[in-house]
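Just so it is clear: chains get the letters A, B, ... in the order the sequence lines come, proteins before strands, and each one is counted from 1.
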2 protein chains.
Amino acid sequence: MSARNTGVPALLNAALPRPVPSDEHDQCPVTDVLRRIGDKWTVLVVVLLGQRPHRFNDLHRGIETISQRMLTRTLRGLAEDGLVHREVLPTNPPSVEYSLTRLGRSLLEPLSILAEWAIENQPVIAASRRIHNPPSSKG
Amino acid sequence: MSARNTGVPALLNAALPRPVPSDEHDQCPVTDVLRRIGDKWTVLVVVLLGQRPHRFNDLHRGIETISQRMLTRTLRGLAEDGLVHREVLPTNPPSVEYSLTRLGRSLLEPLSILAEWAIENQPVIAASRRIHNPPSSKG
DNA sequence: CAGGATCCTCTCTGATACTG
DNA sequence: CAGTATCAGAGAGGATCCTG
(Lines give C-alpha, C1' and ligand atoms only; values in the text may rest on other atoms or scores of the structure.)
Protein backbone atom coordinates (compact mmCIF):
# COMPACT_ATOMS: atom_id res chain seq x y z
CA MET A 1 0.00 0.00 0.00
CA SER A 2 2.63 2.49 -1.05
CA ALA A 3 1.26 4.19 -4.10
CA ARG A 4 -1.93 2.20 -4.35
CA ASN A 5 -3.72 4.03 -1.60
CA THR A 6 -2.66 7.50 -2.59
CA GLY A 7 -5.83 9.41 -3.29
CA VAL A 8 -4.17 11.94 -5.52
CA PRO A 9 -1.13 10.74 -7.41
CA ALA A 10 1.98 12.76 -6.72
CA LEU A 11 2.79 13.24 -10.36
CA LEU A 12 -0.38 15.03 -11.30
CA ASN A 13 -0.39 16.93 -8.07
CA ALA A 14 3.10 18.30 -8.49
CA ALA A 15 2.55 19.48 -12.04
CA LEU A 16 0.81 22.65 -13.24
CA PRO A 17 1.85 25.05 -10.50
CA ARG A 18 1.31 28.05 -12.78
CA PRO A 19 -1.78 29.93 -13.91
CA VAL A 20 -1.76 28.31 -17.32
CA PRO A 21 1.16 27.24 -19.48
CA SER A 22 -1.01 27.91 -22.53
CA ASP A 23 1.25 26.76 -25.34
CA GLU A 24 2.83 24.36 -22.92
CA HIS A 25 -0.45 22.50 -22.99
CA ASP A 26 -0.09 21.89 -26.72
CA GLN A 27 3.35 20.41 -26.18
CA CYS A 28 2.37 18.44 -23.10
CA PRO A 29 3.37 14.81 -23.68
CA VAL A 30 0.34 13.61 -21.74
CA THR A 31 -2.06 15.56 -23.90
CA ASP A 32 -0.11 14.39 -26.90
CA VAL A 33 -0.39 10.72 -26.07
CA LEU A 34 -4.03 11.01 -25.10
CA ARG A 35 -4.92 12.61 -28.37
CA ARG A 36 -3.21 9.86 -30.26
CA ILE A 37 -4.85 6.98 -28.42
CA GLY A 38 -8.08 8.90 -28.01
CA ASP A 39 -9.14 8.40 -31.58
CA LYS A 40 -11.46 5.71 -32.80
CA TRP A 41 -9.18 2.84 -33.76
CA THR A 42 -5.69 3.24 -32.38
CA VAL A 43 -6.16 1.37 -29.14
CA LEU A 44 -7.91 -1.52 -30.82
CA VAL A 45 -5.10 -1.83 -33.33
CA VAL A 46 -2.50 -1.68 -30.57
CA VAL A 47 -4.25 -4.38 -28.62
CA LEU A 48 -4.53 -6.64 -31.66
CA LEU A 49 -0.87 -6.14 -32.49
CA GLY A 50 -0.13 -6.82 -28.84
CA GLN A 51 -1.45 -10.34 -29.32
CA ARG A 52 0.63 -11.07 -32.40
CA PRO A 53 1.97 -9.36 -35.52
CA HIS A 54 -0.58 -8.77 -38.23
CA ARG A 55 -0.54 -8.11 -41.93
CA PHE A 56 -2.54 -5.23 -43.34
CA ASN A 57 -5.56 -7.13 -44.55
CA ASP A 58 -5.23 -9.33 -41.55
CA LEU A 59 -6.04 -6.31 -39.41
CA HIS A 60 -8.60 -5.13 -41.91
CA ARG A 61 -10.52 -8.37 -41.66
CA GLY A 62 -9.90 -8.45 -37.95
CA ILE A 63 -11.75 -5.22 -37.37
CA GLU A 64 -14.30 -5.39 -40.14
CA THR A 65 -15.86 -1.97 -39.74
CA ILE A 66 -12.66 -0.04 -40.22
CA SER A 67 -12.03 1.49 -43.62
CA GLN A 68 -8.72 0.95 -45.41
CA ARG A 69 -8.18 4.64 -45.17
CA MET A 70 -8.50 4.75 -41.40
CA LEU A 71 -6.49 1.59 -40.93
CA THR A 72 -3.72 3.09 -43.04
CA ARG A 73 -3.81 6.36 -41.16
CA THR A 74 -3.90 4.64 -37.79
CA LEU A 75 -0.93 2.42 -38.61
CA ARG A 76 0.90 5.38 -40.07
CA GLY A 77 0.45 7.42 -36.93
CA LEU A 78 1.55 4.55 -34.73
CA ALA A 79 4.60 3.87 -36.85
CA GLU A 80 5.46 7.54 -36.88
CA ASP A 81 5.48 7.58 -33.10
CA GLY A 82 7.60 4.47 -32.98
CA LEU A 83 4.91 2.34 -31.38
CA VAL A 84 4.53 0.05 -34.36
CA HIS A 85 7.09 -1.49 -36.64
CA ARG A 86 6.30 -1.83 -40.33
CA GLU A 87 8.15 -4.47 -42.27
CA VAL A 88 7.78 -5.25 -45.93
CA LEU A 89 8.21 -8.96 -46.53
CA PRO A 90 9.89 -10.06 -49.78
CA THR A 91 6.96 -12.19 -50.89
CA ASN A 92 5.07 -12.13 -54.15
CA PRO A 93 2.86 -10.23 -54.09
CA PRO A 94 4.60 -8.21 -51.37
CA SER A 95 3.07 -8.37 -47.92
CA VAL A 96 3.56 -6.00 -45.03
CA GLU A 97 3.76 -7.07 -41.44
CA TYR A 98 2.95 -4.78 -38.55
CA SER A 99 4.10 -5.46 -35.02
CA LEU A 100 4.48 -3.58 -31.78
CA THR A 101 7.88 -2.16 -30.96
CA ARG A 102 9.25 -2.35 -27.45
CA LEU A 103 7.84 1.11 -26.89
CA GLY A 104 4.47 -0.03 -28.19
CA ARG A 105 4.45 -3.04 -25.90
CA SER A 106 5.33 -0.86 -22.96
CA LEU A 107 2.19 1.17 -23.62
CA LEU A 108 0.06 -1.91 -23.00
CA GLU A 109 0.64 -1.70 -19.27
CA PRO A 110 -0.64 1.80 -18.52
CA LEU A 111 -3.34 1.17 -21.09
CA SER A 112 -4.55 -1.95 -19.36
CA ILE A 113 -4.75 -0.06 -16.09
CA LEU A 114 -6.90 2.58 -17.68
CA ALA A 115 -8.94 -0.14 -19.34
CA GLU A 116 -9.49 -1.78 -16.01
CA TRP A 117 -10.72 1.50 -14.58
CA ALA A 118 -13.04 2.00 -17.53
CA ILE A 119 -14.55 -1.46 -17.30
CA GLU A 120 -14.90 -1.26 -13.55
CA ASN A 121 -16.64 2.11 -13.59
CA GLN A 122 -18.65 1.68 -16.74
CA PRO A 123 -21.91 1.03 -14.87
CA VAL A 124 -21.53 4.17 -12.76
CA ILE A 125 -20.80 6.32 -15.78
CA ALA A 126 -23.67 4.82 -17.74
CA ALA A 127 -26.02 5.45 -14.84
CA SER A 128 -24.86 9.04 -14.54
CA ARG A 129 -25.51 9.57 -18.22
CA ARG A 130 -28.99 8.20 -17.93
CA ILE A 131 -29.70 10.62 -15.10
CA HIS A 132 -28.42 13.59 -17.05
CA ASN A 133 -30.05 12.43 -20.25
CA PRO A 134 -33.48 11.13 -19.31
CA PRO A 135 -34.86 9.07 -22.22
CA SER A 136 -38.03 11.15 -21.89
CA SER A 137 -39.32 12.88 -18.79
CA LYS A 138 -42.62 11.06 -18.66
CA GLY A 139 -44.68 10.63 -21.80
CA MET B 1 6.54 -9.32 -9.58
CA SER B 2 3.00 -10.50 -10.05
CA ALA B 3 1.47 -8.14 -12.54
CA ARG B 4 4.30 -5.65 -12.75
CA ASN B 5 6.58 -7.81 -14.84
CA THR B 6 3.93 -9.11 -17.14
CA GLY B 7 4.91 -8.04 -20.62
CA VAL B 8 1.38 -8.17 -21.87
CA PRO B 9 -1.31 -7.35 -19.33
CA ALA B 10 -3.75 -10.15 -18.81
CA LEU B 11 -6.75 -7.94 -19.24
CA LEU B 12 -5.96 -6.81 -22.73
CA ASN B 13 -4.71 -10.23 -23.65
CA ALA B 14 -7.85 -12.01 -22.57
CA ALA B 15 -10.17 -9.70 -24.45
CA LEU B 16 -11.03 -9.69 -28.15
CA PRO B 17 -10.98 -13.40 -28.84
CA ARG B 18 -13.23 -12.96 -31.88
CA PRO B 19 -12.62 -11.76 -35.42
CA VAL B 20 -14.16 -8.37 -34.71
CA PRO B 21 -17.00 -7.40 -32.42
CA SER B 22 -17.73 -4.49 -34.76
CA ASP B 23 -20.54 -2.71 -32.92
CA GLU B 24 -19.08 -4.00 -29.71
CA HIS B 25 -16.21 -1.65 -30.34
CA ASP B 26 -18.53 1.35 -30.25
CA GLN B 27 -19.89 0.27 -26.90
CA CYS B 28 -16.52 -0.65 -25.48
CA PRO B 29 -16.07 1.22 -22.20
CA VAL B 30 -12.36 1.59 -22.84
CA THR B 31 -12.92 3.26 -26.19
CA ASP B 32 -15.61 5.32 -24.56
CA VAL B 33 -13.38 6.63 -21.79
CA LEU B 34 -10.49 7.23 -24.13
CA ARG B 35 -12.57 9.32 -26.46
CA ARG B 36 -13.77 11.42 -23.59
CA ILE B 37 -10.36 12.12 -22.10
CA GLY B 38 -8.73 12.16 -25.50
CA ASP B 39 -10.07 15.56 -26.40
CA LYS B 40 -8.20 18.80 -26.05
CA TRP B 41 -9.10 20.02 -22.57
CA THR B 42 -10.73 17.34 -20.45
CA VAL B 43 -7.62 15.98 -18.78
CA LEU B 44 -6.29 19.42 -17.96
CA VAL B 45 -9.60 20.36 -16.36
CA VAL B 46 -9.68 17.12 -14.41
CA VAL B 47 -6.17 17.68 -13.13
CA LEU B 48 -6.93 21.25 -12.09
CA LEU B 49 -10.09 20.14 -10.31
CA GLY B 50 -8.02 17.40 -8.73
CA GLN B 51 -5.98 20.04 -6.95
CA ARG B 52 -8.97 21.92 -5.59
CA PRO B 53 -12.51 22.93 -6.56
CA HIS B 54 -12.74 25.76 -9.06
CA ARG B 55 -15.34 28.26 -10.13
CA PHE B 56 -16.07 28.70 -13.81
CA ASN B 57 -14.03 31.80 -14.44
CA ASP B 58 -11.47 30.45 -12.08
CA LEU B 59 -10.87 27.64 -14.55
CA HIS B 60 -11.22 29.99 -17.45
CA ARG B 61 -8.45 32.20 -16.16
CA GLY B 62 -6.49 29.13 -15.09
CA ILE B 63 -6.27 27.84 -18.62
CA GLU B 64 -6.24 31.08 -20.57
CA THR B 65 -6.38 29.70 -24.08
CA ILE B 66 -9.61 27.80 -23.61
CA SER B 67 -12.78 29.39 -24.92
CA GLN B 68 -15.86 29.70 -22.72
CA ARG B 69 -17.61 27.48 -25.16
CA MET B 70 -15.13 24.63 -24.82
CA LEU B 71 -14.84 25.04 -21.08
CA THR B 72 -18.60 24.81 -20.81
CA ARG B 73 -18.75 21.78 -23.04
CA THR B 74 -15.88 20.07 -21.27
CA LEU B 75 -17.41 20.60 -17.84
CA ARG B 76 -20.78 19.51 -19.15
CA GLY B 77 -19.36 16.28 -20.48
CA LEU B 78 -17.53 15.56 -17.27
CA ALA B 79 -20.59 16.29 -15.16
CA GLU B 80 -22.71 14.12 -17.42
CA ASP B 81 -20.38 11.20 -16.86
CA GLY B 82 -20.41 11.79 -13.13
CA LEU B 83 -16.76 12.73 -12.93
CA VAL B 84 -17.41 16.30 -11.92
CA HIS B 85 -19.89 17.80 -9.50
CA ARG B 86 -21.50 21.12 -10.37
CA GLU B 87 -22.84 23.17 -7.51
CA VAL B 88 -24.54 26.54 -7.75
CA LEU B 89 -23.66 28.68 -4.78
CA PRO B 90 -26.35 31.06 -3.43
CA THR B 91 -24.20 34.14 -3.86
CA ASN B 92 -25.00 37.39 -5.63
CA PRO B 93 -24.26 37.26 -8.46
CA PRO B 94 -24.56 33.48 -8.42
CA SER B 95 -21.34 31.52 -8.68
CA VAL B 96 -20.85 27.92 -9.68
CA GLU B 97 -18.32 25.61 -8.15
CA TYR B 98 -16.96 22.57 -9.92
CA SER B 99 -15.24 19.74 -8.11
CA LEU B 100 -14.25 16.15 -8.76
CA THR B 101 -16.60 13.44 -7.59
CA ARG B 102 -15.26 10.30 -6.03
CA LEU B 103 -15.42 8.71 -9.45
CA GLY B 104 -13.51 11.65 -10.89
CA ARG B 105 -10.83 11.38 -8.25
CA SER B 106 -10.49 7.68 -8.88
CA LEU B 107 -9.63 8.46 -12.49
CA LEU B 108 -6.56 10.36 -11.37
CA GLU B 109 -4.73 7.16 -10.56
CA PRO B 110 -4.83 5.40 -13.93
CA LEU B 111 -4.39 8.79 -15.52
CA SER B 112 -1.21 9.50 -13.61
CA ILE B 113 0.19 6.15 -14.64
CA LEU B 114 -0.46 6.92 -18.26
CA ALA B 115 0.98 10.39 -17.72
CA GLU B 116 4.10 8.88 -16.26
CA TRP B 117 4.48 6.67 -19.30
CA ALA B 118 3.97 9.63 -21.61
CA ILE B 119 6.54 11.80 -19.88
CA GLU B 120 9.04 8.98 -19.64
CA ASN B 121 8.77 8.06 -23.30
CA GLN B 122 8.30 11.51 -24.74
CA PRO B 123 11.90 11.74 -25.97
CA VAL B 124 11.69 8.43 -27.80
CA ILE B 125 8.44 9.37 -29.47
CA ALA B 126 9.71 12.80 -30.43
CA ALA B 127 12.85 11.25 -31.90
CA SER B 128 10.79 8.76 -33.88
CA ARG B 129 8.68 11.56 -35.28
CA ARG B 130 11.72 13.47 -36.36
CA ILE B 131 12.98 10.42 -38.20
CA HIS B 132 9.68 9.89 -39.98
CA ASN B 133 9.22 13.59 -40.62
CA PRO B 134 12.60 14.94 -41.64
CA PRO B 135 12.53 18.76 -41.42
CA SER B 136 13.90 18.77 -44.98
CA SER B 137 15.97 16.03 -46.56
CA LYS B 138 18.77 18.35 -47.52
CA GLY B 139 18.25 20.92 -50.27
C1' DC C 1 -20.32 35.71 -12.85
C1' DA C 2 -21.66 31.91 -15.68
C1' DG C 3 -22.99 30.82 -19.37
C1' DG C 4 -26.17 30.42 -24.32
C1' DA C 5 -26.53 31.22 -29.47
C1' DT C 6 -24.46 31.78 -33.82
C1' DC C 7 -21.05 31.46 -37.40
C1' DC C 8 -16.91 29.63 -39.22
C1' DT C 9 -12.88 26.52 -39.84
C1' DC C 10 -10.40 22.30 -39.47
C1' DT C 11 -9.94 17.54 -38.47
C1' DC C 12 -11.73 12.92 -38.17
C1' DT C 13 -14.13 9.46 -40.30
C1' DG C 14 -16.21 6.90 -43.96
C1' DA C 15 -17.45 5.48 -48.89
C1' DT C 16 -15.88 4.94 -53.37
C1' DA C 17 -12.74 4.32 -57.06
C1' DC C 18 -8.11 3.46 -58.67
C1' DT C 19 -2.95 1.52 -58.62
C1' DG C 20 1.74 -1.09 -58.42
C1' DC D 1 -1.97 -7.56 -51.25
C1' DA D 2 -1.34 -3.05 -49.62
C1' DG D 3 -2.19 0.71 -50.23
C1' DT D 4 -3.38 6.07 -52.63
C1' DA D 5 -6.70 9.77 -54.17
C1' DT D 6 -10.94 12.13 -53.96
C1' DC D 7 -15.41 13.51 -52.18
C1' DA D 8 -18.76 14.15 -48.50
C1' DG D 9 -20.64 14.34 -43.78
C1' DA D 10 -20.20 14.94 -38.68
C1' DG D 11 -18.07 16.74 -34.91
C1' DA D 12 -14.25 19.42 -32.44
C1' DG D 13 -12.76 23.73 -31.57
C1' DG D 14 -12.65 28.82 -31.71
C1' DA D 15 -14.43 33.87 -32.15
C1' DT D 16 -17.93 36.90 -31.30
C1' DC D 17 -22.05 38.69 -29.50
C1' DC D 18 -25.75 38.41 -26.15
C1' DT D 19 -28.24 37.32 -21.45
C1' DG D 20 -30.01 36.51 -16.61
Please report, rounded to the nearest Å, how far the [atom2] atom of [N] is from the [atom1] atom of [X].
{"X": "A:H60", "N": "C:dG14", "atom1": "NE2", "atom2": "C1'", "answer": "11 Å"}
{"X": "B:F56", "N": "C:dG4", "atom1": "CZ", "atom2": "P", "answer": "8 Å"}
{"X": "B:D26", "N": "D:dG11", "atom1": "CG", "atom2": "P", "answer": "13 Å"}
{"X": "B:I66", "N": "D:dA12", "atom1": "CD1", "atom2": "P", "answer": "14 Å"}
{"X": "B:Q68", "N": "D:dG14", "atom1": "CD", "atom2": "P", "answer": "11 Å"}
{"X": "B:M70", "N": "D:dG14", "atom1": "CE", "atom2": "P", "answer": "6 Å"}
{"X": "B:D39", "N": "D:dA10", "atom1": "CG", "atom2": "P", "answer": "21 Å"}
{"X": "B:E97", "N": "C:dC1", "atom1": "CD", "atom2": "P", "answer": "15 Å"}

Taking 4.0 Å as the cut-off, does a side-chain nitrogen or oxygen of [X] come that near to OP1 or OP2 on [N]?
{"X": "B:R55", "N": "C:dA2", "result": "yes"}
{"X": "B:R86", "N": "C:dG3", "result": "yes"}
{"X": "A:Y98", "N": "D:dC1", "result": "no"}
{"X": "B:R36", "N": "D:dA12", "result": "no"}
{"X": "A:R73", "N": "C:dC12", "result": "yes"}
{"X": "B:K40", "N": "C:dT11", "result": "no"}

Upstream residue (5' side of DNA chain D) when A:D58 and A:R35 are each assigned their closest nucleotide: A:D58
salt_bridge(B:D58, B:R52) N-O dist < 4.0 Å: yes
Backbone N/O of B:H60 and side chain of B:N57: donor-acceptor pair under 3.5 Å: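 Not confirmed, B:N57 side chain does not pair with B:H60 backbone.
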Pair A:L103-A:L107, side chain to side chain contact (heavy atoms under 4.5 Å, CB included): steps then yes or no: CA-CA 7 Å; A:L103 179 63; A:L107 176 60; over 6 Å; no
Given DNA chain C, 5'-ward residue of the pair A:P94 and A:G38, judged by closest heavy atom: A:G38
Closest-nucleotide 5' rank along DNA chain C - winner of A:P93 and A:S67: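 Nearer the 5' end of the strand: A:S67.
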Given C:dA2, D:dA2, D:dC1, the nucleotide with the shortest approach to the side chain of A:V96: D:dA2
Donor + acceptor pair across side chains of A:D32, A:Q27 (<3.5 Å):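 Result is no, nothing qualifies.
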Aromatic ring pairing A:W41/B:H25, orientation class (parallel under 30°, perpendicular over 60°, tilted between): parallel
Distance-only donor-acceptor test (3.5 Å): side chain A:R69, base C:dT13: yes
